Protein chains: 2
Amino acid sequence: MSGRVDGGALAALADPTRRDLLERLARGEASATTLARGLPISRQAVVQHLSVLDAAGLVRSDRHGREVRWSPRPDGLIAAASWLTGIADEWDRRLAAIKAIAEE
Amino acid sequence: MSGRVDGGALAALADPTRRDLLERLARGEASATTLARGLPISRQAVVQHLSVLDAAGLVRSDRHGREVRWSPRPDGLIAAASWLTGIADEWDRRLAAIKAIAEE
DNA sequence: TTGATGTGCAAGCCCGAGATTGCACTAGGC
DNA sequence: GCCTAGTGCAATCTCGGGCTTGCACATCAA
């Protein structure tokens with residue numbers, strides 16, 4: 001297990017720009033400046049998004065000389081997904097029970 | 001399949017109050033007025049949250065006389081979870097490939 | 001050393017989400 | 001009929017997220 005899901009990952013994934021950044025990182029690590037070149041926003045905006053993703057445990061950063069390379073961390077995503085699945089299954093179970101009672 | 005995941009479900013789940021509402025609904029359908037009694041926010045705020053959840057396909061509403069009862073819909077949750085899992089698996093695969101190359 | 005590139009920090013702007021309030025409307029109980 | 005309870009609609013407010021700009025600091029290459 002890689003930590004509790006406090007909603008931070010969900011809040012981080014709620015923004016379309018951040019999801020775009022994650023998909024770009026999945027195609028190879030990159031720096032904030034490089035990412036900003038292919039986007040209609042400034043480097044600082046990218047940095048702030050990456051900070052949010054970092055706080056949510058969805059990316060990691062490594063310094064290489066004067067540049068900082070970012071890469072995705074699937075662990076956080078998997079944790080969030082399994083959390084969602086758990087809740088969904090729980091609801092499914094309860095709703096099925098209610099339905100069974102209603103059909104008697 | 002229950003439709004593409006456009007991020008609407010993730011945005012809806014990003015708010016802690018909405019996650020709270022979903023958990024309460026999972027313990028039995030309820031009206032907006034009833035839900036508002038157990039929360040520190042107004043009925044209208046609850047209604048707005050339920051509208052967002054409804055648009056995201058996470059809840060459904062049924063009229064019973066003069067009251068509207070809300071209930072959870074696991075389908076949307078499951079779709080969002082499987083989307084997350086798919087992305088996570090994809091990243092895992094790519095990262096494993098990169099790591100394998102680096103270790104040669 | 002000098003210049004170019006990448007980053008970090010901070011102040012500020014703007015707009016929309018979340019919440020409130022007020023009032024009109026409808027359904028049920030007396 | 002009346003009164004109460006539940007809902008719907010709309011205007012308003014506040015505050016924080018997303019973004020920009022400007023400048024200082026660090027690193028590599030000539």
Side-chain angles (χ1 to χ4, degrees), chain A residues 5-25 27-73 76 80, chain B residues 5-25 27-73 76 80:
Chain A
V5 173
D6 57 353
L10 292 174
L13 291 168
D15 187 88
T17 300
R18 283 196 284 270
R19 291 198 299 272
D20 187 10
L21 285 175
L22 283 174
E23 292 184 6
R24 288 166 186 262
L25 289 181
R27 304 206 302 267
E29 61 178 15
S31 68
T33 301
T34 302
L35 289 169
R37 290 197 214 287
L39 290 171
I41 59 179
S42 70
R43 172 184 62 93
Q44 282 304 316
V46 173
V47 170
Q48 290 179 14
H49 280 304
L50 290 174
S51 297
V52 174
L53 291 170
D54 186 31
L58 295 174
V59 297
R60 61 176 293 109
S61 62
D62 296 290
R63 277 209 95 97
H64 289 261
R66 71 181 159 187
E67 74 177 355
V68 177
R69 296 182 195 159
W70 299 82
S71 48
R73 295 186 18 168
Chain B
V5 173
D6 57 354
L10 292 174
L13 291 168
D15 187 89
T17 300
R18 283 195 286 269
R19 291 199 300 272
D20 187 10
L21 285 174
L22 284 174
E23 291 184 7
R24 287 167 187 262
L25 289 181
R27 304 206 302 267
E29 61 178 16
S31 68
T33 302
T34 302
L35 289 169
R37 290 198 215 287
L39 289 172
I41 59 178
S42 70
R43 171 184 63 93
Q44 283 304 317
V46 172
V47 170
Q48 290 180 17
H49 280 303
L50 290 173
S51 297
V52 173
L53 291 170
D54 186 30
L58 295 174
V59 297
R60 61 175 294 109
S61 64
D62 297 289
R63 278 210 93 99
H64 288 262
R66 71 180 159 186
E67 75 177 354
V68 177
R69 296 179 195 162
W70 298 81
S71 48
R73 294 184 22 165

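Everything numeric in this text was worked out from a predicted model, so none of it was measured. Below, read A as the first sequence line, B as the second, and so on, with proteins coming before strands; counting in each chain starts at 1.
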Enquirer: Can you tell me how far OG1 of A:Thr17 sits from NE2 of A:His49, rounded to the nearest 0.5 angstrom?
Expert: 4.5 Å
Enquirer: Closest to the A:Thr33 side chain: C:dT7, D:dG18, C:dT20?
Expert: C:dT7
Enquirer: What distance do A:Trp70 atom CH2 and A:Glu29 atom CD have between them, rounded to the nearest 0.5 Å?
Expert: 12.0 Å
Enquirer: A:Gln44 has an atom CD; how far is it from atom P of C:dA10, in whole Å?
Expert: 12 Å
Enquirer: What is the separation between atom CZ on A:Arg63 and atom P on D:dC28, rounded to the nearest whole Å?
Expert: 9 Å
Enquirer: Looking at A:Arg37, does any N or O in its side chain come under 4.0 Å of the phosphate oxygens OP1/OP2 on C:dT5?
Expert: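 Answer no for this pair, as no side-chain N or O of A:Arg37 is under 4.0 Å from OP1 or OP2.
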Enquirer: If you define the side chain from C-beta out and look only at heavy atoms, does anything of A:Leu50 sit under 4.5 Å from A:Val68?
Expert: no
Enquirer: What is the separation between atom CG on A:Asp15 and atom C1' on C:dA17, rounded to the nearest whole Å?
Expert: 13 Å
Enquirer: So, does A:Arg19 use its side chain to make a donor-acceptor pair with the main chain of A:Ala14 at under 3.5 Å?
Expert: yes
Enquirer: Go through C:dA27, C:dC9, C:dT21 for me and flag the one nearest to the B:Arg66 side chain.
Expert: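 Between C:dA27, C:dC9, C:dT21, the one nearest the side chain of B:Arg66 would be C:dA27.
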Enquirer: Quick one: on DNA chain D, does A:Gly65 or A:Arg18 contact a more 5' nucleotide (nearest heavy atom)?
Expert: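 This one resolves to A:Arg18.
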Enquirer: Any donor-acceptor pair under 3.5 Å linking the side chain of B:Arg69 with the backbone of B:Ser61?
Expert: no
Enquirer: At under 4.0 Å between heavy atoms, what does A:Arg69 touch on the DNA or RNA strands: base, sugar-phosphate, or nothing?
Expert: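 No contact.
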Enquirer: At under 4.0 Å between heavy atoms, what does B:Glu67 touch on the DNA or RNA strands: base, sugar-phosphate, or nothing?
Expert: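 Contact class for B:Glu67: sugar-phosphate only.
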Enquirer: B:His64 has an atom NE2; how far is it from atom C1' of C:dG28, in whole Å?
Expert: 16 Å
Enquirer: Considering every strand and a 4.0 Å limit on heavy-atom distances, what is the contact class for A:Pro40: base, sugar-phosphate, or nothing?
Expert: sugar-phosphate
Enquirer: Round to the nearest Å and state the distance from A:Leu39 atom CG to D:dG18 atom C1'.
Expert: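 Going from CG in A:Leu39 over to C1' in D:dG18 covers 14 Å.
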Enquirer: Less than 4.0 angstrom between a side-chain N/O of A:Arg43 and OP1 or OP2 of C:dT5, yes or no?
Expert: no
Enquirer: Whole angstrom is fine here: how far is it from CD1 in B:Ile41 over to C1' in C:dT21?
Expert: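 Nearest whole value for this atom pair: 15 Å.
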Enquirer: Could you state the atom-to-atom distance from NE2 of B:His49 to P of C:dG16 in whole Å?
Expert: 18 Å
Enquirer: So if I take every side-chain heavy atom of A:Val68 and compare against D:dT20, C:dT7, C:dT21, which nucleotide ends up nearest?
Expert: C:dT7
Enquirer: Whole angstrom is fine here: how far is it from CG in B:Leu53 over to C1' in C:dA17?
Expert: 14 Å
Enquirer: From the options C:dA19, C:dG6, D:dG18, select the nucleotide whose nearest atom is closest to the side chain of A:Gln48.
Expert: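 Given the options C:dA19, C:dG6, D:dG18, the side chain of A:Gln48 is closest to D:dG18.
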Enquirer: Closer than 4.0 Å, any side-chain N/O of A:Ser42 to the OP1 or OP2 of D:dT21?
Expert: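 So the side chain of A:Ser42 is outside the cut-off, no N or O lying under 4.0 Å from OP1 or OP2 of D:dT21.
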